[in-house]
Amino acid sequence: MSKPLTILGIETSCDETAAAVLRYEDGCATLLSDVIRTQLAEHAPYLGVVPEIAARAHAELADLTVAAAMNASGLSYADLDGVAATAGPGLIGGVLVGLMTGKAIAQAAGKPFIPVNHLEGHALSPRLSQDCPFPYLLLLVSGGHCQFLDVRGLGDYRRLGSTIDDAVGEAFDKVAKLLSLGFPGGPAVEAMARSGNPQAHDFPRPLLSRPGLDMSFAGLKTAVARAAANAGTDVEKADICASFQAAICDVLAEKTGRALESFDAGTGDKRLVVAGGVASNKAIRAALETAAQAQDARLIAPPLRHCTDNAAMIALAGAEHLAAGLGDADGLVSGARPRWPLDEASAKADPVFGAGRRGAKA
Ligand code: KG4
Ligand code: ZN
């Protein structure tokens, strides 16, 4: 039996200001509070996240959000064993707000501070609520990333393949913009796709026939742009959304099948984890479920609330690092990192795409 750890987690890397208090004991996580304040309304008029607006909103909301999470947990700072905050990758203004807030609380309360990689938060997110032991194959699909990772253990991540241009969430957001569906794009495209015909347009499935696990979505987006130019009615828009989503599902399912085929599960069962904002898409989850079943693998996906950005996953990453003795002794002097790939070795070998094309968002 290990000593229980109580961790405050803070997330501010994009457009959600979030704080959570988590208790971690013998590999099990219990959430004592989980507060997420979205900035959707502030960014919606611009159809995308505006970094300066995000940074200002985080500065206004960070203290209030942390106070709300602490109140809801019924604990005081003295009861904590550590404070964890996202230190990157992300929009630098927002990351700095969360990082400085976390460091200040840790220093004032005399607790260790654990800087967390936001991508690692997503990678560990299914472990918040489900039995999901290492190793597992991870498909990380968010607004800034689309990659397969071999998750061998805590801190041991190997990139197996990734997009060579747009991230999947980015493609969803661009399609929504082309069709004037509003922001955020992913849920809007998914909702519209429900009433559309997925066979109405034969959109390309880039890199599908090429070996390997790399993906590409820029050509698909261009094809959608051409179709969108002639789409006026809601029926036409729904057909485009359904056909676009079907193309994405086909690419992700085929590449996932290939990744699972060669995945080394050790002595245990094969597990496929899908995480990140796009993992909340039900059509994509269903396509991945089919791909996993074909390889006798189990699909594990976090609940919708923990697919998109949240602080519970940051608190969990902090707790797991602290429990494993990987807590950064110099956490207080750690800096904010706008780019921070999970698999640093692969990223060094491939500096352009290793951190995701945008590199700034997760
Ligand atoms: O992980 P996340 O919350 O944040 C960052 O990327 O930092 O992911 C957000 C992305 C956005 O691109 C959003 O459009 C996409 O996830 N997304 C979805 C859905 N919900 C969110 N994409 C497709 N279908 C959805 N239901
Ligand atoms: Zn994210």
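Just so it is clear, the structure is predicted and the values come from calculations on it, not from any experiment. Atoms within a ligand are numbered from 1 in the order they appear, just like the ligands themselves.
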Salt-bridge present (K221, D166; N to O < 4.0 Å):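 Yes, charged N to carboxylate O under 4.0 Å.
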H118 N/O/S atom closer than 2.8 Å to the Zn ion (ligand 2):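 Within the cut-off used here (under 2.8 Å), H118 does place an N, O or S atom near the Zn ion (ligand 2).
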Min heavy-atom dist K282 to ligand 1 below 4.0 Å: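 So K282 does not count as touching ligand 1.
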Apex the Zn ion (ligand 2); atoms D309 OD1 and H122 NE2; angle rounded to 10 degrees: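 That angle works out to 90° after rounding to 10°.
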Region of D173 that comes within reach of ligand 1 [heavy atoms, distance under 4.0 Å]: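 Under 4.0 Å from ligand 1, D173 contributes side-chain atoms alone.
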Expected output: side-chain K103 to main-chain S334 donor-acceptor under 3.5 Å: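 Yes, the answer is positive, given that a donor and an acceptor are paired below the 3.5 Å cut-off.
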All salt bridge (Lys or Arg N to Asp or Glu O under 4.0 Å) counterparts of D214, not counting sequence neighbours: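 Scan of D214 (salt bridge (Lys or Arg N to Asp or Glu O under 4.0 Å), adjacent residues dropped) gives none.
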Set of residues satisfying side-chain hydrogen bond (donor to acceptor under 3.5 Å, both in side chains) with respect to D156, sequence neighbours excluded: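 With neighbours one apart ignored, the set is R158.
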Regarding ligand 1, does [X] bring an N or O atom to under 3.5 Å of one of the ligand's N or O atoms?
X: P184; result: no
X: G277; result: yes
X: T308; result: no

Q39: which of H58, E16, E60 passes side chain to side chain donor-acceptor pair (under 3.5 Å):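 Output: one option passes, namely H58.
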Parallel, tilted or perpendicular, as decided by the 30° and 60° cut-offs, for the rings of F203 and H201: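 Ring orientation of H201 relative to F203: parallel.
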